[in-house]
Student: 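Here you go, one structure.
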Amino acid sequence: MEVVRTIEALRAAVAAAKSEGKTVGLVPTMGALHQGHLSLIERSKEMDSFTVVSIFVNPTQFGPAEDFTRYPRPFEVDAEKCRKAGVDLIFAPLVEEVYPEGFATYVEVGGVTEMLEGAYRPGHFRGVATVVLKLFTAVEPKRAYFGMKDYQQLKVIQKMVRDLNLNIEIVPVPTFREPDGLAMSSRNAYLNPEERQAALCLYRALNIAREAVDAGERNAETVRQKALDVIQSEPLAKPDYVAVVDPETLMPVDCVDGPVLVALAVRIGNTRLIDNMLIGGQS
Ligand code: PAF
């Protein structure tokens with residue numbers, strides 16, 4: 001497994017793989033790799049013959065009061081996990097490589113960026129779309145793999161790919177959960193044992209919503225309220241939002257008469273966690 005730090009070296013390594021007839025899969029990450037990332041890598045290895053993992057804590061997607069500086073950066077551990085997982089190439093650039101002096105071009109995806117995370121984290125998706133487009137143009141993968149825990153991010157990337165006619169297949173990969181249901185996230189490492197326990201309210205809330213719909217509830221506000229009640233009954237949890245939305249437009253729905261996405265963002269102490277579940281598919 002090779003580790004490259006520059007776009008030039010990345011391009012050379014990818015070109016060599018392509019010249020051998022390999023198809024390139026890209027797994028974009030910010031490092032602090034967990035089982036969820038490893039499932040993206042696994043999927044890439046199933047579908048493509050050369051897997052590139054990017055490890056880059058992207059400053060432009062963090063707000064001024066967010067956790068950019070304290071975001072975990074265990075590079076050696078990550079590299080070892082990649083090696084064991086059979087990754088072919090790690091791209092781990094410095095900030096100056098991605099955003100050189102004078103950098104001034106950003107990608108603004110409209111529509112699906114405005115609500116949910118977009119409303120609470122202004123500029124977040126502009127930073128995500130910009131760095132992902134830069135990764136796409138540097139790697140030119142056949143496919144790129146994104147986890148469904150960041151469901152809105154997945155929709156933003158899909159929209160960018162459509163709107164800009166990028167010739168890249170976006171492969172969604174289901175959320176990977178701990179045995180007790182907590183969605184894997186690099187930010188789970190911030191939780192102390194008490195907060196870790198409290199964080200289970202996210203998954204509990206999603207399940208309560210699903211059970212209500214499975215039992216025949218069709219009023220989206222009733223479903224939303226049931227999920228919110230679960231979050232509000234956990235003393236360490238402060239909800240940013242609990243929403244029942246259309247899985248494509250991410251706009252709130254009134255009636256659960258087909259698949260809907262229940263999405264939530266909750267602060268547990270100083271840690272902000274998100275999770276979601278697609279429900280109501282069978283009706
Ligand atoms: O999901 C993430 O880890 C990041 O948002 C991504 C896609 C790697 C862009 O920095």
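First listed ligand is number 1; within each ligand, the first listed atom is number 1.
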Student: Are Glu42 and Met47 side-chain neighbours, meaning at least one heavy-atom pair lies under 4.5 Å?
Tutor: no
Student: I need the nearest protein heavy-atom contact for atom 3 (O) of ligand 1: residue, atom name and distance, please.
Tutor: Met30 CG, 3.6 Å
Student: Any atoms of ligand 1 less than 4.0 Å from a non-hydrogen atom of Gln61? List them with their elements.
Tutor: 4 (C), 5 (O), 9 (C), 10 (O)
Student: Can you check whether Asn58 has an N/O within less than 3.5 Å of an N/O in ligand 1?
Tutor: no
Student: Taking 4.0 angstrom as the limit and counting only heavy atoms of Pro28, give me the atoms of ligand 1 inside it, by number and element.
Tutor: 8 (C)
Student: Measure the CG-CD1 distance between Leu236 and Ile231 for me, rounded to the nearest 0.5 Å.
Tutor: 12.0 Å
Student: So if I count the atoms of ligand 1 from 1 in the order they appear, which ones are less than 4.0 Å from some heavy atom of Val131?
Tutor: 9 (C), 10 (O)
Student: Gln153 heavy atoms, cut-off 4.0 Å: which ligand 1 atoms fall inside?
Tutor: 1 (O), 2 (C), 4 (C), 5 (O), 7 (C)
Student: Suppose the criterion is side chain to side chain donor-acceptor pair (under 3.5 Å): which pairs have a residue in residues 226-238, not counting sequence neighbours?
Tutor: Gln225-Asp229
Student: Scan Val131, Val132, Thr130 and name whichever one has a side chain to side chain contact (heavy atoms under 4.5 Å, CB included) with Gln61.
Tutor: Val131
Student: Share the residues that join Val230 in a hydrophobic cluster, the rule being Ile, Leu, Val, Met, Phe, Trp or Tyr side chains under 4.5 Å apart at the heavy-atom level.
Tutor: Ile208
Student: I'd like to check whether Thr29 has a polar contact with ligand 1, where a contact means an N/O of the residue lying under 3.5 Å from an N/O of the ligand.
Tutor: no
Student: Please state whether the rings of Tyr120 and Tyr241 are parallel, tilted or perpendicular, taking 30° and 60° as the class boundaries.
Tutor: tilted
